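What you are looking at is a predicted structure, and each value in this text was computed from that prediction instead of being measured. Just follow the structure's listing: the first ligand is 1, and inside any ligand the first atom is 1.
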Amino acid sequence: MELRDLPSVDELARTADDALAVAAARAVIAEARDEIRAGVDPGDLRSRLRARLEDERRPRLRRVLNATGVVAHTNLGRAPLADAAVARVTAVARGYSNLEYDLLEGARGSRQDHCAALLRRVTGAETALVVNNNAGALLLTLAALAAGRDVVVSRGELIEIGDGFRIPEILAASGARLVEVGTTNRTRASDYDSAVGADTALLLRVHQSNFRLVGFGEQPRLEELARVARRHAVPLVDDLGSGALLPSTNAVLGGEPVVDESVAGGADLVCFSGDKLVGGPQAGIVVGRAELVEKLRRHPLQRALRADKLTLAALEATLALHLEQPERVPVLRMVREPAESVRARATRLAALVGGGVEETVARVGGGALPLAELPSFACALEEELAPRLRAGDPPVIGILRDGRLLLDCRTLRDDEVEEAASAVARARA
Ligand SMILES: *Cc1c(COP(=O)(O)O)cnc(C)c1O
């Protein structure tokens, strides 16, 4: 093709019946011009235009198949919602709702009431408040209870979670002053006791989440901290992070603190995420003593951080499942699924695509239980498929190990196996 053979933008755009066509045609012709000048044949411009338009119309935020074996994968949207939660979101999203309307009184109500009753039942706390995420919950708690005053935290808990969420920085942003006690590996209740002074607003305990110290370490038990807090008449705030709601989940996982134990153990406020082990939408949940929660509710940041109606709808439905049908919460189901049944799924996928079956180790993710290993199985494929599977529709994300691509089946649903198999067939074609 020569430069003079290039069609005009309008001519090329007319070949596609699309509102975006003119801009796309201009881009295709510009590319083709550069290629011709560089001595490269640009090929069929119409099919290039079609491909470009298809790509432009494709949503950027999309569903993917998670074959990484990381259950609450922060980069892949953390918790998939239960069907009941999706149904509730759809119902609330399509029309109006009683978000801030009291149906009994026929008057203004509070959006915070919808999840509060369930959260009281699940956690045993006096009351609850829901905001946008747990980082927001912690920020609001510190701003409302400790701005301009001291917050006592163990040096072993000054952690960074995810991409740059650092406890000392959140504290600074809230206007509270950090008072560090103990050492990285050892902090005792007496360290807190001697650090409390006239300016102390609260004691903060932070779950170490994605980090574990092995060897000689010591952190006081919650009950001991609660005694120190009561002696000095300051609140104890427990940031649990992942927030396991059910002891039965813990029977599988071990070691992850359960919210009701923290409430019963003497924490005045407990905050945790909605989309880690709760398995619901992104949210930050604070439960605890009514008079403290009321201070959070009245703080101006509450308005800035409050959860929207879709989040509240999904969270309410998810919490109800925790009480009655926890096996319907996808995160809980995936974490608890016996390895043999994961193996069956991996075997089925391997048979469909002609791959091998391999033992793997799946993880909880989302900063919960970094050391917990969930025995799992994957379908092993050729490494070169990885970028093509990512570029497919739906994209499939696996893990690369020893020169192969592993599709871990703990995080694939039964009904996603065929979809994954077709994606592999397309990637090979
Ligand atoms: C994950 C985590 C947070 C942040 O929660 P988001 O819901 O991601 O904002 C805060 N504190 C702890 C201990 C965590 O594990």
Visitor: Show which atoms of ligand 1 fall inside a sub-4.0 Å distance from at least one heavy-atom site of H207.
Guide: 13 (C)

Visitor: Verify, without hydrogens or angle tests, whether N185 (side chain) and F216 (backbone) share a donor-acceptor contact under 3.5 angstrom.
Guide: yes

Visitor: For ligand 1, which atoms sit closer than 4.0 Å to a heavy atom of A135?
Guide: 4 (C), 5 (O), 6 (P), 9 (O)

Visitor: Please answer whether the main-chain N or O of E382 pairs with a side-chain N or O of R404 as donor and acceptor at a distance below 3.5 Å.
Guide: no

Visitor: Is it the case that S190 and D193 place a side-chain donor and acceptor less than 3.5 Å from each other?
Guide: no

Visitor: Quick one: which of V131, I170, N133, L269 gives a side-chain contact (heavy atoms from CB on, under 4.5 Å) with L138?
Guide: I170

Visitor: Within a radius of less than 6.0 Å around CZ of R62, do more than 12 heavy atoms belonging to other residues, nucleotides or ligands occur?
Guide: yes

Visitor: Does N134 approach ligand 1 within less than 4.0 angstrom via side chain, backbone, both or neither, non-hydrogen atoms only?
Guide: both

Visitor: K276 heavy atoms, cut-off 4.0 Å: which ligand 1 atoms fall inside?
Guide: 1 (C), 2 (C), 3 (C), 5 (O), 14 (C), 15 (O)

Visitor: Give the single entry among I159, L138, V206, D239 that approaches atom 11 (N) of ligand 1 most closely by any heavy atom.
Guide: D239

Visitor: Please check: side-chain N/O of Q302 versus main-chain N/O of H299, any donor-acceptor pairing under 3.5 Å?
Guide: no

Visitor: What atoms of ligand 1 come within less than 4.0 Å of a heavy atom belonging to S273?
Guide: 5 (O), 6 (P), 7 (O)

Visitor: Do any heavy atoms of R78 fall under 4.0 Å from ligand 1?
Guide: yes

